Amino acid sequence: MTSVSGLSGERFEVVVVGGGLAGLATAASLCSQGCHSILVLESETVPGAHSSGKNAGLVRQAAEDPQTTGLCVRGADLIRRRHQQCPDLFRHSGSLIISDENHVPDSSWAQVEHRCLSEDEVRQHYPELQSWPGGQAYWTPTDGIIDVPKLLGSLMEELVSGGGNVAFGATAGRVKIMESGGFQIEVRDGSSRNRIIGEVLCGQVVIANGAWAAKFSEASEMPISLNVTNRGCLITDSGGFGNQARPWIWSDLAGWYLRQMSGSLLWSACEEEEAAAGVLNLSTDLEDYWREKVKSSWDPSGQFLKCLSSWVGQRTFCPDRKFLLGSDSRCDGWHWAVGLGGHGVTCALAVGERVADGVLGENSSADWAWSEDRFVSSSKSLS
Ligand SMILES: Cc1cc2nc3c(=O)[nH]c(=O)nc-3n(C[C@H](O)[C@H](O)[C@H](O)COP(=O)(O)OP(=O)(O)OC[C@H]3O[C@@H](n4cnc5c(N)ncnc54)[C@H](O)[C@@H]3O)c2cc1C
C-alpha cells in the first residue's frame with residue numbers, strides 16, 4: 001500500500017484511476033504480465049466500496065448481445081480457474097433464466113453451454129413458481145455465484161505481491177495531457193476531494209472509475225457520455241425455502257432475480273432509475289416494489305418473507321449499453337475500463353485482461369473502443 005502523503009512528483013509507467021473490480025483486475029493483470037510500475041488511485045479507504053461491493057455476485061454468461069456474452073463467457077472461465085487457487089471463490093450453483101429472444105438472442109445462447117427446460121422441470125427446482133405463466137426457461141450449469149470480497153482480496157494480493165501500488169483515500173483530479181507525451185495527474189484528498197495532496201506522472205492512464213468516469217474525463221477534456229442507473233438488492237429470511245442448494249433464478253420477463261445466501265435469500269426487482277454518480281436512492285419503496293414484482297410468478301406465501309436489509313447500487317452504461325474498453329484514438333496512452341453495466345462482476349477478469357493487453361501494446365479491444373459512431377453520433381441522437 002502506498003501512503004497518500006508520499007505521492008508527490010512520483011513517476012509510474014501506468015496509473016489506474018479507480019480501485020473497483022475493473023481497476024484492480026486491470027492492474028493485477030498488468031502486474032502478472034511483468035509491468036510493475038503501477039499505481040492505483042482509489043478515493044475510498046477500501047477496495048470495491050461502490051458498485052463492486054454493492055452487487056448480487058451472480059456469474060451470468062448469457063447477455064443481451066453476443067459481443068458482451070463472449071466477454072462474460074471468458075470472464076466466467078477465468079473466475080473458475082482462479083477458484084482452483086482461491087478456495088470458495090466460486091460456487092457452481094448453475095442458473096435458471098426465464099427469458100425470450102428480446103432479452104437474450106440466439107446468437108448469445110449459441111456461445112453458452114445450456115439446456116432448455118420444460119415447465120415441469122423448472123418447477124422441480126422452484127415449486128414456489130405457482131403463478132408463473134410459463135415460457136422459455138434455460139438451465140446454464142456453468143453459471144454460479146462468486147464471493148466478491150474474496151475476488152477483490154485476491155486481486156489486491158496479486159497486485160501488491162507483484163510490486164504494484166495502491167493508494168487509498170486518494171482521488172485523482174484533473175489529468176493533464178503533457179505535450180511531451182504522458183500525463184500529470186493531480187491527487188486530492190479522498191474524502192473531501194478539496195485538498196490537493198500532490199501529483200503523479202505516468203506514461204499511460206487507465207480510467208476505471210465507474211459512475212464518475214464521464215464527469216471526471218470531461219474535466220480532462222476527454223469527454224464520453226455514460227448513463228448511471230440505480231438498482232436495489234434486498235435480503236429476506238428464507239421462509240420455507242429449505243437448505244437444499246438451488247440454482248440462482250432470473251426472470252428477464254417479469255424483472256426479478258433471486259439467489260440463496262447462507263440462511264437468507266438475496267433478491268433484486270431489477271430497478272433501473274437514472275441517477276447522478278454517488279446518489280443512491282430510488283423513487284419507489286424498494287420492498288413494496290419487489291413484492292409487487294414477484295407476485296406475478298411466486299407462491300403467494302412469498303409475500304410473507306421478512307425483509308431483513310437492503311441496499312442500492314449503481315450500474316453505468318455507455319449509450320449503446322456495451323462496455324468501453326481499451327485505448328482511445330484521441331489521445332496516446334489513454335485507456336478506458338468503464339460502462340460495465342450489469343456484467344462487471346462476471347466480466348471483471350476478462351476486462352482486466354483486455355485492457356492490460358491494450359496498455360502493453362496489443363489491440364485486442366478494437367471492438368470495444370471509443371469511436372465517434374459510438375459516442376458522438378449516439379449522444380446527438382439521444383438529445
Ligand atoms: C444492485 C447491483 C447488482 C449487480 N449484480 C451483478 C451481478 O450479479 N453480476 C455481475 O456480473 N454484475 C453485477 N452488477 C454490476 C457490477 O457490480 C458492476 O458492473 C461493477 O461492479 C463495476 O465495477 P467498476 O470497477 O467499473 O466500478 P466501481 O466498483 O464503482 O469502481 C469505481 C471506483 O472508482 C473510485 N473512484 C471514483 N472516482 C475516482 C477518482 N477521481 N479517483 C480515484 N478513485 C475514484 C470509486 O471510489 C470506486 O471505488 C450489479 C450492480 C448493481 C448496482
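As the structure lists them, so they are numbered: ligands from 1, and atoms in each ligand from 1. Everything quoted here is computed from the prediction, not taken from an experiment.
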### Query
Any idea which protein heavy atom is nearest atom 33 (C) of ligand 1, and the distance to it?
E42 OE1, 3.6 Å
### Query
Will you find, in the side chains of H50 and Q314, an N or O donor that is under 3.5 Å from an N or O acceptor?
no
### Residue R315 vicinity, atoms of ligand 1 by number, heavy atom under 4.0 Å
51 (C), 52 (C), 53 (C)
#### Entry: Close approach of C233 to ligand 1, heavy atoms, under 4.0 angstrom
yes
### Summary
For F216, the atoms of ligand 1 under 4.0 Å from one of its heavy atoms are 41 (N)
### Message
Less than 3.5 Å apart, any donor N or O on the side chain of H125 or Q244 sitting next to an acceptor on the other?
### Response
no
### Query
What atoms of ligand 1 come within less than 4.0 Å of a heavy atom belonging to L340?
19 (O)
### Query
Where is the nearest protein heavy atom to atom 27 (O) of ligand 1: which residue, which atom, and how far?
G210 CA, 3.9 Å
### Query
Is the shortest N/O to N/O distance between S51 and ligand 1 below 3.5 Å?
yes
### Query
For I196, what are the other residues in its hydrophobic cluster, where any two members join if their side-chain heavy atoms are less than 4.5 angstrom apart?
none
#### Entry: Salt bridge flag under 4.0 Å for residues E273 and R231
no
### Message
I want to know if ligand 1 touches S43 in the polar sense, i.e. an N/O pair below 3.5 angstrom.
### Response
yes
### Query
Using the benzene-type ring in the case of Trp, are the ring centres of W368 and W370 under 6.0 Å apart?
no
### Message
Test your reading of the structure: does K54 have an N or O sitting under 3.5 Å from an N or O of ligand 1?
### Response
no
#### Entry: Which residue and heavy atom of the protein sit nearest atom 37 (C) of ligand 1, plus the separation
N209 CB, 3.4 Å
### Message
So for W311, does at least one of its heavy atoms come nearer than 4.0 angstrom to any atom of ligand 1?
### Response
no
### ligand 1 contacted by S268 (non-hydrogen, < 4.0 Å)
no
### Task
Quick one: sort the H114 and W109 rings into parallel, tilted or perpendicular, breaks at 30° and 60°.
tilted
### Task
For residues V16 and L24, determine if any side-chain heavy atom of one lies less than 4.5 Å from a side-chain heavy atom of the other.
no
### Query
Could you walk me through whether E186 and R188 pass the salt bridge (Lys or Arg N to Asp or Glu O under 4.0 Å) check?
CA-CA 7 Å; E186 186 184 88; R188 290 174 174 260; 2.8 Å; yes
### Task
Using the ring of F90 (Phe, Tyr or Trp, six-membered ring only), decide whether R82 places NZ or CZ under 6.0 Å from its centre and within 45 degrees of its axis.
no
### Query
Do any N/O atoms on V17 end up under 3.5 angstrom from N/O atoms on ligand 1?
no
### Query
Is there a heavy atom in A170 that sits closer than 4.0 Å to ligand 1?
yes
### Message
Would G341 count as a polar contact of ligand 1, with the cut-off being nitrogen or oxygen pairs under 3.5 Å?
### Response
yes
### Message
To check your reading of the model: name the closest protein heavy atom to atom 20 (C) of ligand 1, its residue, and the distance in Å.
### Response
G344 CA, 3.9 Å
### Query
Does a salt bridge link R354 with D357, judged by any charged N lying under 4.0 Å from a carboxylate O?
no
### Task
Would you mind checking which non-hydrogen protein atom is closest to atom 50 (C) of ligand 1, with the distance to 0.1 Å?
N55 CB, 3.3 Å
### Task
Decide side-chain contact (heavy atoms from CB on, under 4.5 Å) for L117 and R115; before the verdict, give the C-alpha distance in whole Å, the side-chain angles of both, and the deciding distance to 0.1 Å.
CA-CA 6 Å; L117 296 190; R115 187 166 75 79; 3.5 Å; yes
### Task
List the closest protein heavy-atom neighbour of atom 26 (O) of ligand 1: residue, atom name, distance to the nearest 0.1 Å.
A22 CB, 3.7 Å
### Task
Would you please determine whether G48 falls within less than 4.0 Å of ligand 1 on a heavy-atom basis?
no
#### Entry: For E44, atoms of ligand 1 separated by under 4.0 Å from a heavy atom
47 (O)
### Query
Numbering the atoms of ligand 1 from 1, which are under 4.0 Å from a heavy atom of T346?
10 (C), 11 (O)
#### Entry: Pairing of R321 and E272 as salt bridge, 4.0 angstrom limit
yes
### Pairwise distance NZ(K322) to CZ(R374) - rounded to 0.5 angstrom
7.5 Å
### Message
As a quick check of understanding, evaluate salt bridge (Lys or Arg N to Asp or Glu O under 4.0 Å) for R174 and E218, giving each step before the final call.
### Response
CA-CA 9 Å; R174 193 168 180 274; E218 195 180 339; over 6 Å; no
### Task
Check whether the side chains of D252 and W250 place a donor and an acceptor atom closer than 3.5 Å, and report yes or no.
yes
### Message
To check your reading of the model: name the closest protein heavy atom to atom 24 (P) of ligand 1, its residue, and the distance in Å.
### Response
S52 OG, 3.9 Å
### Message
Please list the nearest protein heavy atom to atom 9 (N) of ligand 1 with its residue and the distance rounded to 0.1 Å.
### Response
L58 O, 2.8 Å
### Message
If you measure every N or O of C347 against every N or O of ligand 1, does any of those distances drop under 3.5 Å?
### Response
no
### Message
Evaluate L21 for polar contact with ligand 1, using N/O atom pairs at a separation under 3.5 Å.
### Response
yes
#### Entry: Nearest neighbour of atom 32 (C) of ligand 1 from the list S217, A208, G313, on a heavy-atom basis
A208
#### Entry: Nitrogen or oxygen of G232 less than 3.5 angstrom from that of ligand 1
no
